[in-house]
Amino acid sequence: MPLRFFNTLTLATEEFTPQRDNTVRMYTCGPTVYDFAHIGNFRTFTFYDLLRRVLKRRGFKLDHVMNITDVEDKIIRNAMAHGQSLGEYTEKYTKAFLEDCGALRLDSPERIVRATDHIKEMAEAITGLTAKGCTYESEGSIYFRIAAFPGYGKLSHNDFTGIRAGARVDVDTYEKTDARDFALWKAAKDGEPSWDEGAGPGRPGWHIECSVMAIKYLGETLDIHAGGVDLTFPHHENEIAQAEALTGKPFSRFWLHSEFLMVEGQKMSKSLGNYYTLRDLFAQDYSPECVRYLLASVPYRKALNFTFDGLKSAATAIERLRNYKLRLESGKFPAGTSEEMRIRAARASSAFEDALDDDMNTAQALAAVFEFVRETNTAMDAGEFRAGDVASALDVLERFDSLFDVLRPSLRSDAIADADVEALIAERTLAKKSRNFQRADQIRQELLAREVVLEDTKDGVRWKRK
RNA sequence: GGCGCGGUAGCCAAGUGGUAAGGCAGAGGUCUGCAAAACCUUUAUUCAGCGGUUCGAAUCCGCUCCGCGCCUCCA
């Protein structure tokens, strides 16, 4: 089955292949580092991770650029309020963001680039746009004239031909001649950071950094540009206008947008008290894996209702898969192989792949895995699962985990060492042999307190981390 | 008001013309020193409501109700 994605540009699901070299040139909108990223942000960043893994699995090479917006109104305001320089302030949240990505096991883009490292290129691009007659200046700021770009609105599927200046109140303090015109360059204000690289003293508007950095690293036409659905308009629409007005080429072949996240059925907001960062969740003892699983399990184009019940469900589901893996690795099975099991494993693998190929239907992919787990567990109980079937079953699990990446527990820094666990298990086995169940239970309790769970099976003791 | 997305079991959620996946929770059972794990059985005659098209609709069309996003630099 071909790999297919829903393209916002065409509102259709289309077959995807990179334009050249078997390399996917992809740009994704990263965080604005004015605070810790929240769980809604990470829904989108998890979507990028899954996208990367799906593309890699297909054998494509990746050249993926993600930006860090480190100059912007809120950042400037907050940095000033803290008496810090822009760099001091954004460094803290950039570092926190990268740590959070690590905790969630997000596969890192080939390049993570900062807006402030590309001011000169942005100024050059603005000069280029001016040369093409797409801009105008007003009180030291430079604006993009959307009337100069006939395709404006093609991504968000809006018709702006009727929009006129003054059609709505402009809260921006800068003067524009058309309501939809947007700032490419904002004139310097007292006390605010500014640059003078050829566009006059000031700082870049939000949209220009993405167009400029994407083109610089990936070329004039990207294979994929992705972001949260709320960026479709105006951010991505404006990126298209800038880039295409400048190059005359289509900016990106595919536009992918991840849907919104809600919390307990409501819009997440600080005033409702349902606004969470990853740190908040980890502090409540939810594991990074269960957050990752929950975010990954709902297909990216469907609004995700993030609930604490959902987190607990995710943790239980992960446990089941880990237990299954443990059973495969530690169980004793009769020699030989089973043709039936070989077929089931092959069927599960192809169902898993097909679901992902279909615009990354992760929910359906999960169903294929769980169905296989149930089938093979039943076969094990019935004695029909053979030692020779372990490899193919582990392969299904490996396929799952190469995408979902939740089977390996995140170890705490104070975790007990494997060898110490094994030693206590040996002692407990002796205690059980002499029917000293009190000591046996005591050891199990001790280990449980250190997040290690013991299970007695007919093939002996096995253990796992909680 | 404009554009777009969605309403499937207690919760989460697949399925877009052929007779309701999967996960979690719940109930019963097998196994067990205890516990855990695992498995089996069970939980939607029905897919927001109404009408229509069709041999056949959760799936297509129309209307209604409800929720959400964007339309002011918010993933």
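In what follows, chains are A, B, ... by sequence order, proteins preceding strands, each numbered from 1.
The strand RNA chain B forms stems, runs of 3 or more Watson-Crick or G-U wobble pairs with distances below 3.5 Å, at B:1-7 with B:65-71, B:10-12 with B:22-24, B:26-30 with B:38-42, B:48-52 with B:60-64.
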Subject >> Working for side-chain hydrogen bond (donor to acceptor under 3.5 Å, both in side chains), residues Glu209(A) and Asn67(A) >> reply: CA-CA 8 Å; Glu209(A) 67 179 70; Asn67(A) 67 301; 2.8 Å; yes
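Between Thr94(A) and Ile68(A), the shortest heavy-atom distance links the atoms CG2-CD1, 3.7 Å.
Under the 30°/60° scheme for interplanar angles, the aromatic rings of Phe404(A) and Tyr293(A) are found to be tilted.
The same atom, C1', is picked in rA25(B) and in rC11(B); the two are 7 Å apart, to the nearest Å. A distance of about 15 Å separates the C1' atoms of rG7(B) and rU46(B), rounded to the whole Å. Taking atom C1' on both nucleotides, rU54(B) is separated from rU16(B) by 16 Å, rounded to a whole Å.
Under the 3.5 Å distance criterion, with hydrogens and angles disregarded, a donor-acceptor pair is assigned to the side chains of Ser156(A) and Glu237(A). A side-chain donor-acceptor contact under 3.5 Å links Tyr300(A) and Asp359(A). A donor-acceptor contact closer than 3.5 angstrom links the side chains of Trp463(A) and Glu422(A). Between the side chains of Asn377(A) and Tyr324(A), no donor N or O sits under 3.5 Å from an acceptor N or O. If you check the side chains of Thr46(A) and Asp49(A), you find no donor sitting under 3.5 Å from an acceptor.
For Asp395(A), the salt bridge (Lys or Arg N to Asp or Glu O under 4.0 Å) partners at least two apart in sequence or on another chain are Arg399(A). Under the salt bridge (Lys or Arg N to Asp or Glu O under 4.0 Å) criterion, Asp354(A) pairs with no residue, sequence neighbours left out.
A cation-pi geometry, defined here as NZ or CZ lying under 6.0 Å from the six-membered ring centre and within 45° of its normal, does not hold between Arg180(A) and Tyr152(A).
For the pair Phe260(A) and rG69(B), the ring geometry does not qualify as stacking, because the centroid separation below 5.5 Å and plane angle under 30° are not jointly satisfied.
If Lys312(A) and Val373(A) are placed on RNA chain B by their nearest nucleotide, the residue sitting closer to the 5' end is Lys312(A).
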Identify the pairs formed between an N or O of the protein and an N or O of nucleotides 40-43 of chain B at a distance under 3.5 Å, and give each distance.
{"unit_1": "rC40(B)", "atom_1": "OP1", "unit_2": "Thr378(A)", "atom_2": "OG1", "d": "2.9"}

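Among the atoms of the strands shown, base atoms are found under 4.0 Å from some heavy atom of Asn41(A).
Within residues 438-452 of chain A, the residues approached by RNA chain B to less than 4.0 Å at the level of any non-hydrogen atom are Asp441(A), Arg444(A), in residue-number order.
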**OP:** Mark up nucleotides 3-13 of chain B, 5' to 3', with B wherever a protein heavy atom is under 4.0 angstrom from a base atom, S wherever such an atom reaches only the sugar-phosphate, and - elsewhere.
**Re:** S--------SS
